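First the structure, in the form of structure tokens, and then the observations on it.
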Amino acid sequence: QVQLVESGGGLVQPGGSLRLSCAASGIIFSINGMGWYREAPGKQRELVATITRNGDTKYADSAKGRFTISRDNAKNTVYVQMNNLKPEDTAVYYCNADIATIATMGVFRGFWGQGTQVTISS
């Protein structure tokens with residue numbers, strides 16, 4: 001009933017930039033926190049950045065100074081601008097959102113997108 005769809009992934013050279021988007025759709029009552037996570041091969045899924053409904057942000061140390069998370073509440077969309085990308089940023093990036101829906105009985109639950117591949121390579 002609720003779907004999160006990421007876009008903007010792809011192949012980019014070291015030092016390049018990408019902007020990822022994630023739009024939530026469905027019968028949604030409200031969205032609280034939203035965020036981006038990534039999963040490299042053989043590694044645990046890790047936090048990249050999160051943002052509250054009011055715009056408070058948190059970043060992984062690896063993302064600090066290079067990535068910027070933002071959101072458009074009217075569009076139920078979260079973004080992450082990723083600059084000065086490095087090979088170690090290569091991973092599948094997942095969108096996450098804390099969403100209350102009819103199906104969740106109005107309780108906020110975590111939802112995940114399908115992921116989008118980001119590859120940093122020369």
Side-chain angles (χ1 to χ4, degrees):
Q1 196 167 14
V2 172
Q3 187 175 17
L4 299 177
V5 180
E6 299 99 337
S7 62
L11 175 66
V12 67
Q13 293 181 313
S17 298
L18 283 174
R19 177 177 158 95
L20 305 183
S21 301
C22 173
S25 63
I27 304 174
I28 297 170
F29 171 69
S30 185
I31 302 178
N32 198 358
M34 305 182 82
W36 290 94
Y37 296 73
R38 67 188 183 189
E39 187 173 323
K43 296 186 65 178
Q44 204 171 39
R45 187 173 298 186
E46 65 178 4
L47 170 74
V48 175
T50 60
I51 184 168
T52 71
R53 191 190 315 187
N54 295 326
D56 296 322
T57 59
K58 180 172 66 178
Y59 296 92
D61 288 341
S62 60
K64 182 182 177 182
R66 299 187 300 124
F67 294 5
T68 302
I69 189 170
S70 61
R71 63 190 288 170
D72 185 335
N73 291 336
K75 297 181 179 179
N76 291 153
T77 300
V78 63
Y79 310 90
V80 59
Q81 176 69 42
M82 306 189 295
N83 298 326
N84 191 25
L85 286 161
K86 304 175 180 180
E88 52 263 43
D89 294 318
T90 295
V92 176
Y93 283 70
Y94 295 92
C95 173
N96 175 265
D98 198 16
I99 304 173
T101 72
I102 294 175
T104 68
M105 307 299 178
V107 177
F108 286 96
R109 304 294 190 198
F111 291 84
W112 293 93
Q114 296 300 306
T116 185
Q117 178 70 49
V118 171
T119 302
I120 315 303
S121 177
S122 298

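Just so we're clear, the structure is a prediction, and the values are computed from it rather than from any experiment. Atom set for the values below is all heavy atoms of this structure, side chains included, hydrogens, waters and symmetry mates excluded.
- Residues passing the side chain to side chain donor-acceptor pair (under 3.5 Å) test with Thr119 are Gln117, sequence neighbours excluded.
- Under the 4.5 Å side-chain heavy-atom criterion for grouping Ile, Leu, Val, Met, Phe, Trp and Tyr, Ile69 is connected to Phe67 within one hydrophobic cluster.
- The CD1 atom of Ile28 lies 10.5 Å from the CD atom of Gln3; values are rounded to the nearest 0.5 Å.
- For Arg109, there are no side chain to side chain donor-acceptor pair (under 3.5 Å) partners at least two apart in sequence or on another chain.
- Both Leu47 and Val92 are part of a single hydrophobic cluster, where members link through side-chain heavy atoms under 4.5 Å apart.
- Considering all non-hydrogen atoms of both residues, Cys95 and Val78 come closest at SG-CG1, 3.7 Å.
- Pairs passing the side-chain hydrogen bond (donor to acceptor under 3.5 Å, both in side chains) check and including a residue from residues 29-38, sequence neighbours excluded, read Ser30-Arg53, Arg38-Glu46, Arg38-Ser62, Arg38-Asp89, Arg38-Tyr93.
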If you apply the rule side chain to side chain contact (heavy atoms under 4.5 Å, CB included), what do you find for Met82 with Val12, and how did you get there? CA-CA 11 Å; Met82 306 189 295; Val12 67; over 6 Å; no
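- The distance from the CZ atom of Arg71 to the OG atom of Ser21 is 14.0 Å, given to the nearest 0.5 Å.
- The line from CD1 of Ile99 to CD of Gln1 is 11.0 Å long, rounded to the nearest 0.5 Å.
- By the side chain to side chain donor-acceptor pair (under 3.5 Å) test, Gln114 is found to be paired with no residue, residues two or more places apart in sequence or in another chain being considered.
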Run the side chain to side chain contact (heavy atoms under 4.5 Å, CB included) check on Ser25 and Asn76 step by step: do they pass? CA-CA 7 Å; Ser25 63; Asn76 291 153; over 6 Å; no
Are Leu4 and Tyr94 close enough, and set up right, to give a side chain to side chain contact (heavy atoms under 4.5 Å, CB included), and what steps lead you there? CA-CA 9 Å; Leu4 299 177; Tyr94 295 92; over 6 Å; no
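- Applying the salt bridge (Lys or Arg N to Asp or Glu O under 4.0 Å) test to Arg19 and every residue at least two apart in sequence or in another chain returns nothing.
- Atom CG of residue Asn84 and atom CD1 of residue Ile120 lie 10.0 Å apart, to the nearest 0.5 angstrom.
- Among residues at least two apart or in separate chains, side-chain hydrogen bond (donor to acceptor under 3.5 Å, both in side chains) pairs with a member in residues 5-17 are Ser17-Asn83.
- Within 6.0 Å of CD on Glu88 lie more than 12 heavy atoms contributed by other residues, nucleotides or ligands.
- Side chains of Tyr59 and Thr68 form a contact here, defined as non-hydrogen atoms less than 4.5 Å apart.
- The two atoms that bring Ala97 and Ile31 nearest to each other are CB-CG2, 4.2 Å, heavy atoms only.
- The minimum heavy-atom distance between Ala100 and Gly106, with the atom names listed, is CB-O, 3.6 Å.
- Rounding to the nearest 0.5 Å gives a distance of 12.5 Å between CD1 of Ile51 and NZ of Lys58.
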Begin from the C-alpha positions of Asn96 and Trp112 and carry the test side chain to side chain contact (heavy atoms under 4.5 Å, CB included) through to its verdict. CA-CA 5 Å; Asn96 175 265; Trp112 293 93; 3.3 Å; yes
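- We find the OG1-CD1 distance between Thr101 and Ile27 to be 8.5 Å, quoted to the nearest 0.5 Å.
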